[in-house]
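In the text below, chain A, chain B and the rest are named by the order of the sequence lines, each starting its count at 1. Just so it is clear, the structure is predicted and the values come from calculations on it, not from any experiment. Side chains are part of it too, since the values below use all heavy atoms of this structure and drop only hydrogens, waters and symmetry mates.
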There are 2 protein chains.
Amino acid sequence: MSGNETRASMIEAAVATVREIGYSGATSRAIAHRGGFNQALVYYHFGSVDGLLLAALDDLGAARLEEYRKLVDRADTLDELLAAAQRIYRRDRRSGHVAFVSQLVAGSAERPELAREVLARMEPWVTFTEDALSKALRLTALEDVVPVEELAYAVLTYYLGLNLLTQLDPRRARADALFESLRGVVPLVERK
Amino acid sequence: MSGNETRASMIEAAVATVREIGYSGATSRAIAHRGGFNQALVYYHFGSVDGLLLAALDDLGAARLEEYRKLVDRADTLDELLAAAQRIYRRDRRSGHVAFVSQLVAGSAERPELAREVLARMEPWVTFTEDALSKALRLTALEDVVPVEELAYAVLTYYLGLNLLTQLDPRRARADALFESLRGVVPLVERK
DNA sequence: GTCTATACTTGGATAGAC
DNA sequence: GTCTATCCAAGTATAGAC
């Protein structure tokens, strides 16, 4: 297997492991076992387990941001944005990508170094959400009432909590019904 | 020190440790060091580290639920409920109690046994939030549009995410401004 | 670039003295 | 009920062969 292929398979295994058994279960041995490669390779390629996890975060983040920007760019109204958000949620749920991020956030508690890096990689998502919201709120009465920055941060916060809770309670933590309900709220806030 | 005093001090140390260095940092040794007692006592009194953490969750939960019920019982309108929620948030933020819960949820990923127990202890909070919301939404147009169960679960989900993110980003993850903004939304949904 | 082997560290858990 | 001592398992990280 070439160096690049191995790198990619390691990142994949890292995401899968964190997703399934959490940050504290994602040891170099567990990840290597899951991906079918040697444990020592983690240190050769990424220096440390956290290094591997951050590389994975980079990979996922870039791919997802590009993909989701396209989806959201097409949404002009609040209702359309909610529909796009629901599609995004379903994808993230299936892939487990945000569950991965949630676990990294939780695991950062004891590692200031990791925390700093994770935080830096969340920044583009704050901007992304702000942009989407400010466009969609333009035609609603919410525009004058709720600062977009606050709301964007709240949306990301909720999303993080949702993906964390899904691991604990997969049956119940389904946001689909909530998305539908929120779309029912739209008429109430539309600017007449 | 009597048995009961030791028990209480162990629970306190456990909460502080999880809050400060996260679930994966909260080893029996770390907790014992923090509380100034012997590591072996964790196993004598609680059987395991997870046993201690669950006992702490019981203690905190009972105290907080009773206290917060009083606060919320006095709130009759949505605006008053938001004000009460803001007070609760400030207390939890200071005490770190919900940060503790968030860490337990995250740590449960690899421990089905712990997950089950944590989940069971969240149940009263779902009911609590549902009750509060259904009373407060009665006078608003939201009553017909958003199912209370969905909303209550979403509120708890957000709260969990908020307390998780606060550890990572204490400067920014402040919900105070958001609470204020939400109170500005109330007039929009009041039933005319 | 990938493997084996291993030194070192940390944590869970228990036995037995006090 | 609390302590010391200790065993065992698991994880990090590196050296060195291939």
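For the pair A/E20/B/E110, no side-chain contact is recorded, criterion being any heavy-atom separation below 4.5 Å from C-beta on.
Of the residues B/V49, B/D50, B/V105, the one that meets the side chain to side chain contact (heavy atoms under 4.5 Å, CB included) test with B/Y23 is B/D50.
With B/R87 contributing its side chain and B/L82 its backbone, the two residues share no donor-acceptor pair below 3.5 Å. Remark: the backbone N or O of A/A106 is not paired with any side-chain donor or acceptor of B/Q167 at under 3.5 angstrom.
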Under 4.0 Å protein heavy-atom contacts per nucleotide of nucleotides 11-18 of chain C, with B for base, S for backbone only and - for none: BBBB----

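Centroid-to-centroid, the aromatic rings of B/Y89 and B/F179 come within less than 6.0 Å.
Distance CG (B/L41) to C1' (D/dG1): 7 Å, rounded to an integer number of Å. Separating the CG atom of A/L52 from the C1' atom of D/dA13 is a distance of 15 Å, rounded to the nearest angstrom. Counting to the nearest Å, the P atom of D/dT14 and the NE2 atom of A/H45 are 16 Å from each other. The CZ-P distance, from A/F46 to D/dT14, rounds to 16 Å in whole Å.
In this structure, A/D176 pairs ionically with A/R90, as a charged nitrogen and a carboxylate oxygen lie closer than 4.0 Å.
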